[in-house]
Amino acid sequence: MNRAHTVFASNNKNFPYYHKIKRLQEELSNKVVTKDCFTRPIRHVCGVDVSYRNDVGYCSAVILRKDTNEVLESVNVKCKINYPYISGLFLLREYEPILTALNMLSEEYDLLLIDGHGQLHPTKCGLACNIGITMSKPTIGVAKSLLCGTIKNDRSIELAGQILGRVVEKILGKPVYVSVGNKISLMTAEKLVQELIANGQHIPQPLLIAHINSRKFANEKF
DNA sequence: GCGACAG
DNA sequence: ATCTTGTCGC
């Protein structure tokens with residue numbers, strides 16, 4: 001497919017297969033496990049992020065030690081992006097580069113952090129769920145802006161009558177929105193994201209390092 | 001009906 | 001996400 005050049009309106013429901021893909025995500029949402037599935041204490045945490053230059057995505061995945069934030073492994077993948085950004089269909093752009101990067105890692109990790117929503121999604125199955133189900137790993141969705149849902153006074157986020165997200169705000173005015181990707185409870189996800197945000201930062205350290213690496217990777221001249 | 005809408 | 005310098009503020 002070569003649709004990246006095509007012009008679409010800001011959030012285009014006319015995109016080919018828009019409704020089909022949404023239905024697939026709705027079906028997949030039933031496979032999301034919202035219980036903690038850890039086999040050992042969490043030692044290693046993986047973070048992934050993608051930066052862009054034109055229609056090329058530069059994806060970086062890193063594994064950090066949870067206690068010291070030491071970087072244990074870091075991989076970079078360059079990948080042509082063939083789809084536009086469409087709200088709700090974020091997976092069209094980042095699913096492939098992220099999976100490619102994750103599959104290049106050789107170290108083990110106990111937890112995966114994805115830059116985007118998990119269950120806090122119109123289909124209850126955002127990018128973090130898609131990746132988490134494919135990898136079959138405890139996965140948390142960490143987004144920097146809200147896509148849907150209502151923030152309540154206790155910082156929980158309600159969607160369609162369920163509590164599917166939590167606001168975590170270590171720096172005043174710079175919150176992240178946490179939701180379950182797979183194999184973890186919302187309560188544990190919130191606690192871990194809190195713990196993984198270093199002082200002076202507002203996003204978890206593994207995602208920050210992945211973000212810095214991918215930007216550096218995207219700006220390297222050839 | 002209209003607007004909003006992860007990165 | 002990205003295009004982009006200096007500048008205001010803690």
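The sequence lines fix the lettering, A, B, ..., with proteins before strands; numbering per chain opens at 1.
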A:K22 atom NZ is separated from B:dC5 atom P, nearest whole Å, by 14 Å
A:E94 CD to B:dA6 C1': how many Å, rounded?
-> 9 Å
Nucleotide nearest A:H211 (side chain, heavy atoms from C-beta), chosen from B:dC5, C:dA1, B:dG7 = C:dA1
CD of A:E195: more than 12 outside heavy atoms within 6.0 angstrom?
-> yes
In whole angstrom, what separates A:L207's CG from C:dA1's P?
-> 12 Å
Among A:N130, A:T134, A:T100, the one residue meeting side-chain hydrogen bond (donor to acceptor under 3.5 Å, both in side chains) with A:Y95 = A:T134
Tell me what A:Y52 touches on the nucleic acid: a base, only sugar-phosphate, or nothing, going by heavy atoms under 4.0 Å.
-> sugar-phosphate
Is A:L112 reachable from A:M104 through a run of I, L, V, M, F, W or Y residues, each pair having side-chain heavy atoms under 4.5 Å apart?
-> yes
Separation between CG (A:D55) and CZ (A:R93), nearest 0.5 Å, reads 9.0 Å
Parallel, tilted or perpendicular: which fits the ring planes of A:Y177 and A:H117, with parallel below 30° and perpendicular above 60°?
-> tilted
N or O in side chain of A:Y85 less than 4.0 angstrom from B:dA6 OP1/OP2 = yes
Separation of B:dA6 P from A:H117 NE2 (nearest whole Å) | 7 Å
Measure the distance from CG on A:L146 to C1' on B:dC5 and round it to the nearest whole Å.
-> 10 Å
Grab the OH-P distance between A:Y177 and B:dC5 for me, whole Å please.
-> 11 Å
Give a yes/no on whether any side-chain N or O of A:S145 is located under 4.0 angstrom from OP1 or OP2 of B:dC5.
-> no
For A:L120, report the nucleic acid contact type (base, sugar-phosphate, nothing); a contact means any heavy atom under 4.0 Å.
-> nothing
If only side-chain N and O atoms of A:R53 are considered, is one of them under 4.0 Å from the OP1 or OP2 phosphate oxygen of C:dA1?
-> no
Rounded off to whole Å, could you give me the CG-to-C1' distance for the A:N199 and C:dC10 pair?
-> 16 Å
Presence of A:S87 side-chain N/O under 4.0 Å of B:dG7 phosphate oxygens OP1/OP2 = no
Just how far, in rounded Å, is P of B:dG7 from CG of A:D49?
-> 10 Å
